[in-house]
Enquirer: 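Just dropping this structure here.
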Amino acid sequence: MNYDFKTAEAKWQKKWEESEAFKAEDNSDKKKFFALVEFPYPSGAGMHVGHIKAYSGLEVTSRKRRMEGFNVLFPIGWDAFGLNTENYAIKTKTHPRKVTMDNVAHFTAQLKRVGFSFDWSREINTTDEDYYKWTQWIFLKMFDNGLVFRDRTLVNYCPSCKVVLSNEDSQGGKCDVCHSDVVQRAKEVWYLRITAYADRLLTGLDTVDYPANVKAQQVNWIGRSEGAFVNFALAGTNEKLRIYTTRPDTLFGVTFMVMAPEHPLIDKYAEQIANFDEVKAYRAECAKKTEFERTQLVKDKTGVKLDGLCAVNPVNGKEIPIYIADYVMMGYGTGAIMAVPAHDQRDWEFAKKFGIDIIEVIKGGDIEKEAYAGDGEMVNSDFLDGLTDKKSSIAKMLEVLEERGLGEKGVQYKMKDWAFNRQRYWGEPIPIIHCPACGMVGVPYDELPLTLPKVENFEPGSDGESPLAKIDEFVNCTCPRCGGKAKRETDTMPQWAGSSWYYLRYCDPHNDTCLADPEKLNYWMPVDWYNGGMEHVTRHMIYSRFWHKFLYDIGAVPCEEPYAKRSIQGLILGPDGDKMSKSKGNVVDPLDVVDEYGADVLRTYVLFMGDYGQSAPWSDSSVKGCKRFIDRVWNLQTILNDSEEYSEKLETGFNKAVKKVGEDIENLKYNTAIAALMTLLNDIYDAGSITRKELKTFITLLNPFAPHVTEEINEVQNLGSMLAKAQWPTYDPDKCVDALIEIAVQVNGKLRARVMVPADADDAAALEIAKANADIAAQIEGKTLIKELYVKGRLVNIVVR
RNA sequence: GCGGAUAUGGUGAAAUUGGCAGACACGCAAGAUUUAGGUUCUUGUGCCGCAAGGCGUGCAGGUUCGAUUCCUGUUAUCCGCACCA
């Protein structure tokens with residue numbers, strides 16, 4: 001009896017669809033479970049095995065939860081705006097809308113062939129007008145609430161994609177899309193004030209269930225530091241040079257100041273700087289370097305002293321020289337620092353190179369050799385002298401600074417405001433109008449969506465202008481406030497916009513009056529379990545948590561955090577152990593596996609290959625092992641008898657398996673859940689026969705992993721209604737242990753024998769049985785008994801001398 | 001430099017609060033079935049050793065009757081951030 005997986009899989013996929021087996025119900029009294037997987041970017045390459053692993057985890061959990069009686073929302077959609085599609089569209093001279101629709105159709109067909117239990121009736125697409133209407137609505141709300149601003153700053157610009165990138169999208173100085181070097185450019189661009197939410201993004205982490213490393217990475221990204229702002233007078237002016245430091249306790253050790261080359265005070269006092277030509281030359285040199293180069297030349301400190309300008313130390317009135325150097329960044333703190341070479345290694349290196357004094361203010365290190373950053377007794381520090389720990393020195397210094405009006409406590413974040421714009425076609429148009437009289441005015445809410453004009457030519461301009469700027473009928477408009485002539489903003493939103501709130505739309509995907517009905521949000525939110533990749537932990541997750549908190553503040557969503565629980569799936573590496581990539585030729589196409597072995601084998605294998613959270617290399621021969629398993633499951637029908645009970649032989653095994661599989665699924669240990677089913681299968685074949693009840697239990701447990709073959713067996717053997725609507729099996733805790741169990745017997749901690757004892761044996765009984773064993777008796781013969789113990793169900797250890 | 005992780009057979013990996021290291025699977029070997037290949041089935045498989053026995057979870061110590069698990073030190077690899085003041 002051969003299992004024809006091709007026919008069976010197509011058949012069951014159709015049946016599930018027709019019976020709406022996976023449709024989430026609105027207005028239900030049932031307990032809800034909202035399982036979310038990161039919706040894919042529908043690229044031209046089609047589905048990757050990584051997608052399959054990413055969805056298979058919560059796929060299994062969702063199927064189990066439905067069988068447990070939950071109302072499950074397990075949705076899918078398309079994160080379809082973005083540069084990749086647009087670049088492909090330009091290359092092939094096809095409209096990005098068409099490219100997107102083709103790719104979505106391809107992905108959909110592929111996902112359906114794997115048999116995922118998504119609720120397709122809630123499918124969303126970020127490029128649909130009735131979806132991005134609400135993306136624009138959220139943007140306008142942020143605009144109205146002062147979270148949107150424009151600023152002319154140095155931005156990360158990708159010369160190849162001709163687009164401004166956020167810090168997050170240009171990590172390591174490379175464009176996240178095309179990997180070319182990013183350059184710094186002065187440009188007026190849009191920002192979202194995410195830093196206003198920095199503290200809440202941090203404290204919110206205490207209320208959610210994310211893995212520790214995910215939290216750590218977000219904490220690190222937000223990068224909160226506590227310190228002080230201190231104002232140094234510029235000698236001979238009324239100007240204050242404001243700096244930020246985390247070590248105000250070392251203020252008496254300051255021997256020079258450093259400003260970022262771009263610091264505005266340099267131009268303001270250009271006339272007083274005797275060597276301004278030299279300064280200009282240095283600045284020009286710095287501007288040529290990319291930020292990446294600047295941060296790579298860690299060892300070699302460069303800089304120029306500002307002749308004729310010096311600062312005054314506010315606590316002791318000493319005059320100190322000022323330098324500009326590119327190891328100080330304009331983008332962090334105030335763009336200027338107080339340098340304490342004795343206790344900061346970077347300052348120390350700079351001081352050594354430029355022959356500047358080094359004054360020790362904390363004892364404990366050898367400042368001739370290197371800076372000392374540790375704790376110790378304060379010296380050369382006036383009112384701080386004698387204090388011995390950092391905390392009280394900082395507290396004392398802050399007290400004095402605040403008392404004398406010289407500075408104050410302050411907090412800084414590494415996270416910067418979110419550069420929120422693209423000069424490209426394939427994104428949500430930013431719904432703002434520039435009016436010469438009224439300034440920036442939001443597009444009226446009732447005019448949303450502001451749709452992308454349908455154009456032939458969507459190639460980016462060479463000057464960093466959006467292609468939309470070339471379309472007069474789009475650009476020219478009237479000001480909604482004064483009715484005068486005005487121009488539309490032509491930048492579009494970055495790819496991360498649509499994905500920052502998509503989970504909300506799943507709760508009510510077709511609503512035309514608000515982003516989602518509050519009652520439905522109230523029922524479904526928050527997301528109970530969100531699975532995805534590590535690469536989205538700092539960008540997508542922080543962005544969407546920010547949007548969500550804002551939406552909470554304006555009353556649009558019922559809870560403050562979007563995701564109650566987060567898990568991470570590990571990468572699937574190529575068979576050679578390297579990351580899969582087209583250039584290495586080690587990419588595995590999941591549909592090849594479906595064609596050759598069936599969807600159930602693919603699904604089982606990606607979960608069986610190892611710990612769900614770890615990366616693991618693909619192995620074709622292990623796939624065959626899973627194929628063998630599925631075939632052996634199918635062949636259970638050949639040893640089926642007609643009993644409707646558990647057999648005596650297998651009752652404990654089945655109870656154990658029900659317990660283990662259920663628990664393992666909840667703990668993301670899909671690999672050991674499958675292993676437990678394999679063990680049970682081996683036991684069944686050893687027993688030589690299976691009852692109808694046993695078969696029903698077995699296929700129900702396996703159903704979330706391998707839904708097609710189990711449904712087919714269920715139908716062929718007439719074991720009841722569709723498994724998708726069956727009940728998850730229960731177990732009897734009393735029947736999970738065998739009456740007689742094997743335990744280890746150790747003498748002096750070394751394994752010497754194994755004996756059988758009754759499961760409920762007490763210490764005395766177990767020890768008696770152990771000592772009765774001939775090998776053990778020989779081992780302890782004639783020796784003094786020091787200690788003996790029995791660990792219930794595990795082992796006996798007898799210590800003798 | 002900061003933060004996080006990982007290290008177990010030939011391979012992917014298992015191992016409740018410290019309690020039989022290597023479950024499960026791959027691979028390999030031998031055998032059975034098959035005209036042959038493939039499939040399927042049976043048996044064996046951590047290392048050394050003929051055996052008794054010994055050795056084994058990156059390395060070196062420690063705590064303990066007992067350590068893959070806890071502590072101290074150390075090495076290697078991977079990931080994220082990074083002249084962050």
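Just so it is clear: chains get the letters A, B, ... in the order the sequence lines come, proteins before strands, and each one is counted from 1.
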Enquirer: Please state the C1' separation for the pair B:G22 and B:C47 - nearest whole angstrom.
Expert: 13 Å

Enquirer: Mind checking the C1' distance from B:G37 to B:U16? Whole angstroms is fine.
Expert: 48 Å

Enquirer: Please determine, for the side chain of A:K750, which listed nucleotide (B:A85, B:C65, B:C55) has the closest atom?
Expert: B:C55

Enquirer: Considering only atom C1', compute the distance from B:C79 to B:U43 and round it to an integer number of Å.
Expert: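 Each nucleotide's C1' atom is 44 Å from the other's.
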
Enquirer: Of all the choices, B:A23, B:G4, B:C84, which nucleotide is nearest to the side chain of A:K414 once you look at every atom?
Expert: B:C84

Enquirer: For A:D686 and B:C24, give me the distance from atom CG to atom P, rounded to whole Å.
Expert: 11 Å

Enquirer: Please tell me which of the listed nucleotides, B:G27, B:G54, B:C83, lies nearest to the side chain of A:R752?
Expert: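 Given the options B:G27, B:G54, B:C83, the side chain of A:R752 is closest to B:G54.
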
Enquirer: Verify whether the ring centers belonging to A:Y605 and A:Y597 lie closer than 6.0 Å.
Expert: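 No, the ring of A:Y605 stays outside the 6.0 Å limit from the ring of A:Y597, centre to centre.
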
Enquirer: Considering only NZ, NE, NH1 and NH2 on the basic side and carboxylate oxygens on the acidic side, decide whether A:K624 and A:D620 come within less than 4.0 Å.
Expert: no

Enquirer: Just to be sure I understand the geometry, which residues of residues 626-633 of chain A put a non-hydrogen atom under 4.0 Å away from RNA chain B?
Expert: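 Contacting residues: A:R628, A:R632.
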
Enquirer: With rounding to the nearest 0.5 angstrom, report the CE to NZ distance, A:M397 to A:K390.
Expert: 14.5 Å

Enquirer: Tell me what A:D347 touches on the nucleic acid: a base, only sugar-phosphate, or nothing, going by heavy atoms under 4.0 Å.
Expert: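 Since no nucleic acid heavy atom lies under 4.0 Å of A:D347, the category is nothing.
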
Enquirer: Find the distance A:M678:CE to B:C26:C1' and express it as a whole number of Å.
Expert: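 Roughly 10 Å, once rounded to whole Å.
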
Enquirer: Dot-bracket for RNA chain B, please. Rules: Watson-Crick or G-U, both distances under 3.5 Å, ( ) within the strand, [ ] when a pair crosses earlier ones, | for another strand, . otherwise.
Expert: (((((((..(((......[....)))((((((.......))))))(((....)))..(((((..]....))))))))))))....

Enquirer: Can you tell me how far apart CZ (A:F629) and CZ (A:F705) are? Round to the nearest 0.5 Å.
Expert: 9.0 Å

Enquirer: How would you label the contact of A:N213 with the nucleic acid (heavy atoms, under 4.0 Å): base, sugar-phosphate, or nothing?
Expert: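 Result for A:N213 = sugar-phosphate.
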
Enquirer: Using a strict threshold of under 4.0 Å (side-chain N to carboxylate O), is an ion pair present between A:E226 and A:K391?
Expert: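 Result for this pair is no, no salt bridge flagged.
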
Enquirer: Just how far, in rounded Å, is C1' of B:U64 from CD of A:Q746?
Expert: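 From A:Q746 CD to B:U64 C1': 12 Å.
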
Enquirer: For A:A212 and A:V799, find the nucleotide of RNA chain B closest to each by heavy atoms; which residue's nucleotide sits nearer the 5' end?
Expert: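 The residue mapped nearer the 5' terminus is A:A212.
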
Enquirer: Report the distance from atom NZ of A:K787 to atom CG of A:L785, rounding to the nearest 0.5 Å.
Expert: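 So the NZ of A:K787 and the CG of A:L785 are separated by 11.5 Å.
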
Enquirer: What's the closest nucleotide to the side chain of A:N797 if the choices are B:A85, B:G3, B:G19?
Expert: B:G19

Enquirer: Got a second to check how far A:L740's CG is from A:E742's CD, nearest 0.5 Å?
Expert: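 Interatomic distance, A:L740 CG to A:E742 CD, rounded to 0.5 Å: 10.0 Å.
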
Enquirer: For a quick check of understanding: with a heavy-atom distance under 4.0 Å over all strands, which category does A:G223 fall into, base, sugar-phosphate or nothing?
Expert: nothing

Enquirer: Out of B:A25, B:G19, B:A23, which has the shortest distance to the side chain of A:L795?
Expert: B:G19

Enquirer: May I ask you to check whether over 12 heavy atoms, not counting those of A:K735, lie within 6.0 Å of atom NZ?
Expert: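 No, because the 6.0 Å sphere around NZ of A:K735 holds 12 heavy atoms or fewer from other groups.
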
Enquirer: Please determine, for the side chain of A:M329, which listed nucleotide (B:C65, B:A21, B:A85) has the closest atom?
Expert: B:A85

Enquirer: Need one value for A:Q345: base, sugar-phosphate or nothing, where a base atom within 4.0 Å counts as base even if backbone is also close, heavy atoms only.
Expert: nothing

Enquirer: Given B:C26, B:C24, B:U16, which nucleotide is nearest the side-chain atoms of A:S622?
Expert: B:C26

Enquirer: Using modelled atom types only, decide if a donor and an acceptor are shared between the side chain of A:H343 and the backbone of A:T250 within a distance under 3.5 Å.
Expert: no

Enquirer: What integer number of Å spans the C1' atoms of B:U68 and B:G9?
Expert: 14 Å

Enquirer: Which is more 5' along RNA chain B, the nucleotide nearest A:Y413 or the one nearest A:S619? Just name the residue.
Expert: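 In this pair, the answer is A:S619.
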
Enquirer: Using the P atom in both, what is the distance from B:A67 to B:G58, to the nearest Å?
Expert: 15 Å

Enquirer: Check whether A:Y210 reaches the backbone of A:L205 with its side chain - one donor and one acceptor, N or O, closer than 3.5 Å.
Expert: no

Enquirer: Examine the side chains of A:D357 and A:T255 and answer whether a donor and an acceptor come within less than 3.5 Å of each other.
Expert: no

Enquirer: Could you state the atom-to-atom distance from CD of A:E596 to C1' of B:G38 in whole Å?
Expert: 13 Å

Enquirer: Need the glycosidic conformation of B:G9: syn if within 90° of 0, anti if not. Which one?
Expert: syn

Enquirer: Rounded to whole angstrom units, what separation is found between the CG atom of A:L702 and the P atom of B:C24?
Expert: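 Between P of B:C24 and CG of A:L702: 17 Å.
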
Enquirer: Kindly say whether, by distance alone, the side chain of A:K624 makes a donor-acceptor pair under 3.5 Å with the base of B:C26?
Expert: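 There is none.
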
Enquirer: Once you round to the nearest 0.5 Å, how far does CD1 of A:I572 lie from NZ of A:K579?
Expert: 13.0 Å

Enquirer: What's the OH-C1' distance between A:Y332 and B:C84, to the nearest Å?
Expert: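 My rounded result for the distance is 4 Å.
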
Enquirer: Can a donor-acceptor pair be found, under 3.5 Å and without considering hydrogens, that links the side chain of A:N667 to the backbone of A:K669?
Expert: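 Checked: no pair found.
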
Enquirer: Looking only at atom P, what distance separates B:C41 and B:U33, rounded to whole Å?
Expert: 16 Å

Enquirer: Have a look at A:F256 and tell me which of A:F350, A:F232, A:F354 forms a ring-ring contact (aromatic ring centres under 6.0 Å, His included) with it.
Expert: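 The option that passes is A:F350.
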
Enquirer: Looking at every strand, decide which applies to A:E535 at a 4.0 Å heavy-atom threshold: base, sugar-phosphate, or nothing.
Expert: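 No contact.
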
Enquirer: Hey, could you give me the CH2/CG distance between A:W618 and A:N586, rounded to the nearest 0.5 Å?
Expert: 12.5 Å

Enquirer: To the nearest Å, give me how far apart OH (A:Y597) and C1' (B:G38) are.
Expert: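 Rounded to whole Å, this separation is 12 Å.
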
Enquirer: Looking only at atom C1', what distance separates B:G12 and B:A30, rounded to whole Å?
Expert: 25 Å

Enquirer: Say we look at B:U57 and B:A23: how far apart would their C1' atoms be, to the nearest angstrom?
Expert: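 Straight-line distance between the two C1' atoms is 15 Å.
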
Enquirer: Could you tell me the separation between the CG atom of A:D249 and the C1' atom of B:A85, rounded to a whole number of Å?
Expert: 13 Å

Enquirer: Report, one pair per line, the protein and nucleotides 13-15 of chain B atoms (nitrogen or oxygen only) whose separation is under 3.5 Å.
Expert:
unit_1	atom_1	unit_2	atom_2	d
B:A14	OP1	A:N671	ND2	3.0
B:A15	OP1	A:K669	NZ	2.7

